[in-house]
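Just so you know, these numbers come straight off a predicted model, no measurement behind them. Order of the sequence lines sets the chain letters (A, B, ...), proteins ahead of strands, with each chain counted from 1.
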2 protein chains.
Amino acid sequence: MPYASFASMPCTLGRPAALLGERWTLLLLRQIFLGTRRFEDFQATMEISRSVLTDRLNVLLQEGVLKRVPYQEDGRTRHEYRLTDKGRDLYPVMMALRTWGEKWMATEEDESFHLHHRDCGGGVRAKVECTDCGAELTARDVQVTARP
Amino acid sequence: MPYASFASMPCTLGRPAALLGERWTLLLLRQIFLGTRRFEDFQATMEISRSVLTDRLNVLLQEGVLKRVPYQEDGRTRHEYRLTDKGRDLYPVMMALRTWGEKWMATEEDESFHLHHRDCGGGVRAKVECTDCGAELTARDVQVTARP
DNA sequence: GTAGCTGAGTTCGAAATACGAACGCAAGGA
DNA sequence: TCCTTGCGTTCGTATTTCGAACTCAGCTAC
């Protein structure tokens, strides 16, 4: 199976993994969650080639993760890329990555950014929980069964 | 900046994003969390080319996400790839992807698998919470500030 | 009007990656 | 001795990515 055909794989973990597992896509989403919205800014901050940037933005537009929104600048109409509701729902994925990075990949030189809850000032972390009892779960607590 | 040099980017979200954002890596991790452990089985279930599989496994070994563990089969010593503690801690990332996939990418044909809490049988989902007050957070609830 | 600037792409030849079929190799078994 | 298995490595071809140059539309200044 060529990589591209995972887009149609019948698995709700496999399809997102294939979509976000394309080179540059996760880094692009990181920029977007940090507030970058314009083609030129993506290009400048990530040093991605323009043609690949065009391609990745188009894929995310097609998937409905991003939308193009017109805005005005010095009287001209331009467009910026913004998250849709679907895209905004990727927040837990990004936070899970960051929580993992903080625990396992942190170095002295990291100077990224702080995140805190607007209301109470607390920290932010991703976790997995049981929808019934609310317990926090690890891989060991979870049983995998084939779907009927 | 070529993609590879994000490996040294001073950001605890950027580095994991670059590592897992390499083609095949997320799909490989999915297989691993589903229980695949041997080279041949990865190759067969994902139809990845052998050389790329070798490369990705080596990267994950080097990063300490996987380890090679010897085991016996018909008297011969072989090796299998297993998650380290660091690797097992990627579980929330996978569950966040799946939670998102279930919500936004589910189709009729999906026949992947069920997950449930061993103790109480409940469902499984990823979420982001405040480390102080425990509230569930979305992107809008979180303030981003440059690190001092 | 026209020359220049800017944001947002598009094009294209060269370099890096991925593909897949064939090969290598070590350890058992027939 | 030869065959099979698991696990890679090699190598020529096909696909992606790179980066510099080009395009194009809508101002702005002259």
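Straight-line distance from the CZ atom of A:Arg68 to the P atom of C:dA8: 9 Å, rounded to whole Å. In this structure, B:Leu61 atom CG and D:dC7 atom P are separated by 13 Å, rounded to whole Å. One can place CD of A:Glu80 at 12 Å from P of C:dG9, the figure rounded to the nearest angstrom. Rounded to a whole Å, the CD1 atom of B:Ile48 is 15 Å from the P atom of C:dT17. The CG-C1' distance, from A:Asp55 to D:dC18, rounds to 14 Å in whole Å. Protein atom CG of A:Asp41 is 15 Å distant from nucleotide atom P of C:dT6, rounded to whole Å. In this structure, the CH2 atom of A:Trp24 is 9 Å from the C1' atom of D:dT17, given to the nearest Å. Whole-Å rounding puts the A:Gln43 CD to C:dT10 C1' distance at 13 Å.
Distances shorter than 4.0 Å separate none of the side-chain N or O atoms of B:Arg38 from OP1 or OP2 on D:dT5. In terms of phosphate contacts, B:Arg23 brings no side-chain nitrogen or oxygen within less than 4.0 Å of OP1 or OP2 of D:dT15. Contact check, A:Tyr71 against C:dA8: a side-chain N or O comes under 4.0 Å of OP1 or OP2. Between B:Arg76 and C:dC25 there is no side-chain N or O to OP1 or OP2 distance below 4.0 Å. Residue B:Tyr81 places at least one side-chain N or O closer than 4.0 Å to OP1 or OP2 of D:dG8.
Set against C:dT6, D:dG19, C:dC19, the side chain of A:Arg78 has C:dT6 as its closest nucleotide. For B:Glu40, the side-chain atoms get nearest to D:dC7 when compared with the rest of D:dC7, C:dC19, D:dT17. Between D:dT5, C:dT6, C:dC19, one nucleotide has an atom nearer to the side chain of B:Ser51 than all others, and that is C:dC19.
Side chains of B:Tyr71 and B:Arg76: no donor on one and acceptor on the other come within 3.5 Å.
Taking OG1 of A:Thr138 as the start and CZ of B:Arg88 as the end, the distance is 8.5 Å to the nearest 0.5 Å. The CD atom of B:Glu102 sits 13.5 Å away from the CZ atom of B:Arg125 when rounded to the nearest 0.5 Å.
Ring orientation note: the planes of A:Phe33 and A:Tyr91 are tilted relative to one another, at an angle of 30° to 60°.
Under the 4.0 Å criterion applied to side-chain N and carboxylate O atoms, A:Lys127 and B:Glu129 are assigned as salt-bridge partners.
Annotation: of the two residues near DNA chain C, A:His79 and B:Glu22, the 5′-most nearest-nucleotide partner is A:His79. Comparing A:Val52 and B:Phe39 by the nucleotide of DNA chain D whose heavy atom lies nearest to each, the residue mapping closer to the 5' end is B:Phe39.
Interface remark: the A:Arg50 side chain does form a donor-acceptor pair with the C:dA8 base, using a distance-only criterion of under 3.5 Å.
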